[in-house]
Amino acid sequence: AQEALQSYQLVNELGNLNEVSFDERERTMLLYLCKGYSSKRIGTEFFISERTVEGMKADLFKRTGTDNSAQLIIYAVCHGIVDPYQALLT
């Protein structure tokens, strides 16, 4: 719980430094990450390789100032990019 709080605080601080825009595909990818999809499954959904998904995630980490998927998910939810209730629906 403490790590999640620290991640939230870090992501919140980073989010205040710059506004990041996301295209529809990136928003969908963030939704899939929030749903717990693996890179392999996201690749299947987008008809791209797992490696391409990893590259997209690395780009999102860089643009948002996050270091991992957990921080990226927190960023997406806290900044209203992904609706957490939509992520819970199948």
Side-chain angles (χ1 to χ4, degrees):
Q2 184 66 26
E3 286 181 31
L5 178 60
Q6 289 173 339
S7 290
Y8 169 79
Q9 290 169 337
L10 172 67
V11 170
N12 196 34
E13 290 170 15
L14 292 169
N16 290 333
L17 297 175
N18 58 0
E19 285 297 318
V20 180
S21 62
F22 301 93
D23 64 26
E24 188 63 32
R25 188 174 197 164
E26 291 169 331
R27 287 176 180 272
T28 302
M29 184 172 151
L30 289 167
L31 175 63
Y32 289 161
L33 287 171
C34 288
K35 286 179 176 260
Y37 287 18
S38 66
S39 293
K40 184 175 183 174
R41 181 164 180 194
I42 293 170
T44 300
E45 295 290 329
F46 284 140
F47 303 102
I48 59 177
S49 73
E50 185 176 353
R51 184 176 171 136
T52 301
V53 173
E54 291 297 327
M56 290 173 65
K57 284 172 50 178
D59 180 60
L60 290 172
F61 294 155
K62 183 177 179 182
R63 289 175 38 213
T64 59
T66 56
D67 296 321
N68 55 52
S69 293
Q71 288 180 351
L72 186 58
I73 290 166
I74 292 168
Y75 181 100
V77 171
C78 290
H79 288 87
I81 300 158
V82 172
D83 177 358
Y85 299 107
Q86 183 183 13
L88 294 175
L89 300 175
T90 310

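- Across every non-hydrogen atom of Thr66 and Tyr75, the tightest pair is CG2-CB, 4.3 Å.
- From Ile81, atom CD1 reaches atom CG of Leu31 across 12.0 Å, with rounding to the nearest 0.5 Å.
- The OG1 atom of Thr64 lies 11.5 Å from the CD1 atom of Ile74; values are rounded to the nearest 0.5 Å.
- Considering every non-hydrogen atom in both Glu50 and Ser39, the closest pair reads CG-CB, 3.8 Å.
- For Glu26 and Arg63, the salt-bridge test passes: some basic side-chain N is under 4.0 Å from an acidic carboxylate O.
- Nearest approach of Leu60 to Leu30, heavy atoms of both residues: CD1-CD2, 4.2 Å.
- Separation of atoms CZ (Phe61) and CG (Asp67) is listed at 8.5 Å; rounding is to 0.5 Å.
- Note: Cys34 SG to Gln86 CD = 9.5 Å, rounded to the nearest 0.5 Å.
- The structure places CD1 of Ile42 at 12.5 Å from OG1 of Thr52, a figure rounded to the nearest 0.5 Å.
- Taking a cutoff of 4.0 Å between a charged side-chain nitrogen and a carboxylate oxygen, Glu54 and Lys57 qualify as a salt bridge.
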CA sep, side-chain torsions, deciding dist, call: Met56, Asp59, side-chain contact (heavy atoms from CB on, under 4.5 Å) = CA-CA 5 Å; Met56 290 173 65; Asp59 180 60; 5.6 Å; no
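- A cation-pi arrangement is found for Arg25 relative to Phe46, the charged atom lying closer than 6.0 Å to the ring centre and inside a 45° cone about the ring normal.
- For the pairing with Val53, the side chain to side chain contact (heavy atoms under 4.5 Å, CB included) check across Arg41, Glu45, Met29 returns one residue only, Met29.
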